[in-house]
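Residue numbers begin at 1 in each chain, while the letters A, B, ... track the order of the sequences.
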Number of protein chains: 2
Amino acid sequence: MATIKDLAKLTGLSVATISKFMNGGNVLEKNRPIIQQAIEATNYTINEHARALKTNLSRTVGFITPKFSDVYASQLASEAAVYLREYKYSLFVYESLNSLEGEVEALDFFASKKVDAVMAAFIGDDKRYYQQLLSKYRFPVILFDKTFDNVAGDSVTINNLKAAYTAVSKLIEYGHRDIAIVRGKEAHFTNNQRYLGYRQALADHGIPLHEDFVVEVDYSGIDVYENITRLFVNSHKPTAIFTVNYFTTVSTIMVLNQLDYSIPEDISLFGFDNYDLFKIVKPKPWLMVQPMKAIAQEGVRMLLERIKDHQHAPYRSVVLESEMYVGGSIKRIPQVE
Amino acid sequence: MATIKDLAKLTGLSVATISKFMNGGNVLEKNRPIIQQAIEATNYTINEHARALKTNLSRTVGFITPKFSDVYASQLASEAAVYLREYKYSLFVYESLNSLEGEVEALDFFASKKVDAVMAAFIGDDKRYYQQLLSKYRFPVILFDKTFDNVAGDSVTINNLKAAYTAVSKLIEYGHRDIAIVRGKEAHFTNNQRYLGYRQALADHGIPLHEDFVVEVDYSGIDVYENITRLFVNSHKPTAIFTVNYFTTVSTIMVLNQLDYSIPEDISLFGFDNYDLFKIVKPKPWLMVQPMKAIAQEGVRMLLERIKDHQHAPYRSVVLESEMYVGGSIKRIPQVE
DNA sequence: ATGAAAGCGCTAACAT
DNA sequence: ATGTTAGCGCTTTCAT
């Protein structure tokens, strides 16, 4: 493998000059092509380990995702990578496999890789646990999807409660009162917040909560079919369904289709998150969509600031709004006076 | 940040001894807890940059995926990470964003990170292009999903043609003769191979290829609905559909459901790849499933051998078989004599 | 079993 | 603008 020393010998220049060239410093115009040629001849690429050792900056960012297949995290990682690349930064993505131990493993791994910062979508909700955990590491951590009261790191989230509130209010505005919700089994932050938004929207419009209309599904998918089917066995049936995320939205559409319930004729739907499959679905579902680009951009911005300053400025938390995608999945129900 | 030197001072031992401890060398039993304590007190983690610089081994593997959202690649990365972790290796995942330039970027990035090997699912098919490209890098590359005649690196693939042949033969065995195929627009290797398997199965059973039954869809999803709908406008309609991968399978099921075609009563289906959504689909689709664990395991095995030997042994290519998942998505059609 | 010291490839301070 | 050189944190050889 070629090193700067090799290039120095090849060009007759010094290692310092080559280093300057590599880092955009001042080099005589006539020397530039000479160096460039030597680089190409030797297929030289800089040794980032040596550079990182010297500068104490690795130009890498760790990213903790619950699963590579997680739609939210993979969109976020994808967008973040684009912004980071502009600053010569790259992502180390580590799967926590939905476990706290996996998260600790990831953090330890990042610590030894000396990443400059970490972006994380953690699975747990225990603020003090994370506060203590993160205090062990010297890199800044930017939290996504959920926040811990600005106590463990900067965070970028959306207003989950409001997004759900908006969605359910739209269904009510269209005349629906029998509105079911399909949410995850786990008591996770976003899941809960969106449930609260659902409840609050109902309450604010004087609609009592109907226990049978709260469907909790396992993200493995095994019980989705049965649980959604059960919504329609009683005489008191929902006329609309609010689904709290991509998985529940897709799977609910799938099941409704299979049960031969037409959307929106037989049942109305308001979903969450936008992803590839919704390009196929007819009619287009109404959706609350998270501004993934903005989330990534804000996150990267904060992260770069933290790396630069390295100060213990108070943690900031940015809360963004979701966007409402208008679809054709809600039927207007005549108001009964 | 704590260094070995700090630990040396703290424990009264030498840097060399601490290093040995860190690497599982011989250290007096009575010294072990002392070192361990110092590590915990300082939150010490090894500096992998320094280690990599010294040993010329980074214990990282680069992984090139077309998109983070790619189902095949994300399953593969996930499985590979598990095996690699057993050998203290970790994955650097880089998105090529479905472009050749992105792939080159990824390789250059990996070169400067001095990864020990690269796992890649490339998008192109030009053997000579990749042969030339990869010759520029000194790390071994293990190719997945497609192979280039053992000319650019070791590879792990499945027998795509045979898998498709098996699937279509099964449909024929059930009495179907009007079998459509939903494939991708792009002339990619796996896509083509599976198409060839389809054609060969038809040919071997004396069934002529019907042009209108070959549906080519864009992976963005925009034309899937229209293209599948078009299958049913003529008087000559298919009784079965073979879909060549996860995306086409899911979206075809989605569209059929929306068109109120029941599976298997109105139309039979044989799909490809297994993933989360199929846990929800009723009836369970027949599927050809790639052995992702075995693919990852074989790939990692080859990769570790390459790293160890560093010899220019001839490239090997491992071809695995897909597994057939029996479902309820095929109707038996009485044979007409 | 432990320690002293060289050196991996780079950057940056300093000298020219 | 270019060159010389120290040193980042680690492993490893060679002594002890």
Side-chain angles (χ1 to χ4, degrees), chain A residues 1-36 38-39 42-60 88 108-116 138-139 310, chain B residues 1-36 38-39 42-60 88 108-116 138-139 310:
Chain A
M1 203 70 240
T3 69
I4 283 199
K5 226 172 174 174
D6 297 330
L7 297 183
K9 266 182 203 138
L10 232 64
T11 58
L13 294 163
S14 75
V15 278
T17 306
I18 311 281
S19 173
K20 266 157 208 144
F21 176 86
M22 293 303 296
N23 294 290
N26 275 338
V27 173
L28 271 191
E29 209 46 62
K30 74 169 175 86
N31 283 331
R32 305 184 76 85
I34 299 175
I35 302 177
Q36 192 57 48
I39 290 176
T42 54
N43 276 332
Y44 171 80
T45 46
I46 209 157
N47 185 327
E48 293 285 353
H49 295 303
R51 176 186 265 175
L53 181 59
K54 179 68 189 178
T55 62
N56 210 24
L57 259 191
S58 67
R59 294 203 172 277
T60 53
K88 305 267 179 212
D108 285 340
F109 171 70
F110 291 148
S112 60
K113 292 297 180 192
K114 306 292 178 220
V115 299
D116 298 335
R138 65 180 254 293
F139 44 65
H310 229 281
Chain B
M1 203 68 242
T3 69
I4 283 198
K5 225 173 174 173
D6 298 329
L7 297 183
K9 266 181 202 139
L10 232 63
T11 58
L13 294 163
S14 76
V15 182
T17 306
I18 312 282
S19 173
K20 264 157 209 142
F21 176 86
M22 295 302 298
N23 294 289
N26 274 339
V27 173
L28 272 191
E29 210 46 63
K30 73 167 177 94
N31 285 330
R32 305 184 76 85
I34 300 175
I35 301 177
Q36 193 57 49
I39 289 176
T42 55
N43 275 332
Y44 171 79
T45 46
I46 210 156
N47 185 325
E48 292 285 353
H49 295 302
R51 176 185 265 176
L53 181 60
K54 180 68 189 178
T55 60
N56 210 25
L57 259 192
S58 67
R59 292 202 174 276
T60 54
K88 306 269 180 209
D108 285 340
F109 171 70
F110 291 148
S112 60
K113 292 296 180 194
K114 306 291 179 222
V115 299
D116 297 336
R138 67 180 252 296
F139 43 66
H310 228 281

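In 5' to 3' order, the nucleotides of DNA chain C bounding all contacts with chain A (an atom under 4.0 Å from a heavy atom) are C:dG9 to C:dA12. Along DNA chain D, the stretch of nucleotides lying under 4.0 Å from any heavy atom of chain B spans, 5' to 3', D:dG9 to D:dT12.
Going from atom CG of B:Leu53 over to atom NZ of A:Lys54 covers 12.0 Å, rounded to the nearest 0.5 Å. Of the inter-residue distances, the one linking B:Ser58 atom OG with A:Asn47 atom CG reads 9.5 Å to the nearest 0.5 angstrom.
In terms of the side-chain contact (heavy atoms from CB on, under 4.5 Å) criterion, residue partners of A:Asp6 (sequence neighbours excluded) are, by chain and number, A:Ala2, A:Thr3. With sequence neighbours left out, B:Asn56 forms a side-chain contact (heavy atoms from CB on, under 4.5 Å) with B:Arg138. For the side-chain contact (heavy atoms from CB on, under 4.5 Å) test, residues two or more places apart in sequence or in another chain that qualify with A:Leu13 are A:Thr11, A:Thr17, A:Ile18, A:Asn31, A:Ile35. Residues satisfying the side-chain contact (heavy atoms from CB on, under 4.5 Å) test with B:Asp108, not counting sequence neighbours, are B:Val104, B:Tyr137. Among residues two or more places apart in sequence or in another chain, the ring-ring contact (aromatic ring centres under 6.0 Å, His included) test is passed with A:Phe109 by A:Phe92, A:Tyr94.
Contact check for B:Lys114 versus B:Leu57: no side-chain heavy atoms found under the 4.5 Å cut-off. Side-chain atoms of B:Phe110 and B:Thr60, non-hydrogen and from C-beta on, never get closer than 4.5 Å to each other. Taking the side chain as every heavy atom from C-beta outward, B:Gln36 and B:Ile34 never approach each other to under 4.5 Å. Under the 4.5 Å side-chain criterion, counting only non-hydrogen atoms from C-beta, B:Tyr44 is in contact with B:Leu7.
Formation of a donor-acceptor pair under 3.5 Å by the A:His49 side chain with backbone atoms of B:Lys113 is found in this model.
In this structure, the helix from C:dA1-D:dT16 to C:dT16-D:dA1 shows an angle of 30° between the axis at its start and the axis at its end, each fitted on 5 base pairs and rounded to 10°.
Nearest heavy atom pair, residue A:Leu10 against residue A:Ala38, reads CD2-CB, 3.8 Å. Heavy-atom minimum distance, B:Ala8 versus B:Ser14: CB-C, 4.0 Å.
Contacts between residues 48-56 of chain A and DNA chain D, defined by a heavy-atom separation below 4.0 Å, involve A:Leu53, A:Lys54, listed by number. Of the residues in residues 7-22 of chain A, those lying under 4.0 Å from DNA chain C by heavy-atom distance are A:Ala16, A:Ser19.
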Table please: side-chain donor-acceptor pairs of residues 20-29 of chain B below 3.5 Å, with sequence neighbours left out.
residue : atom : partner : partner atom : Å
B:Asn23 : OD1  : B:Arg51 : NH2          : 2.8
B:Asn23 : ND2  : B:Ser19 : O            : 2.8

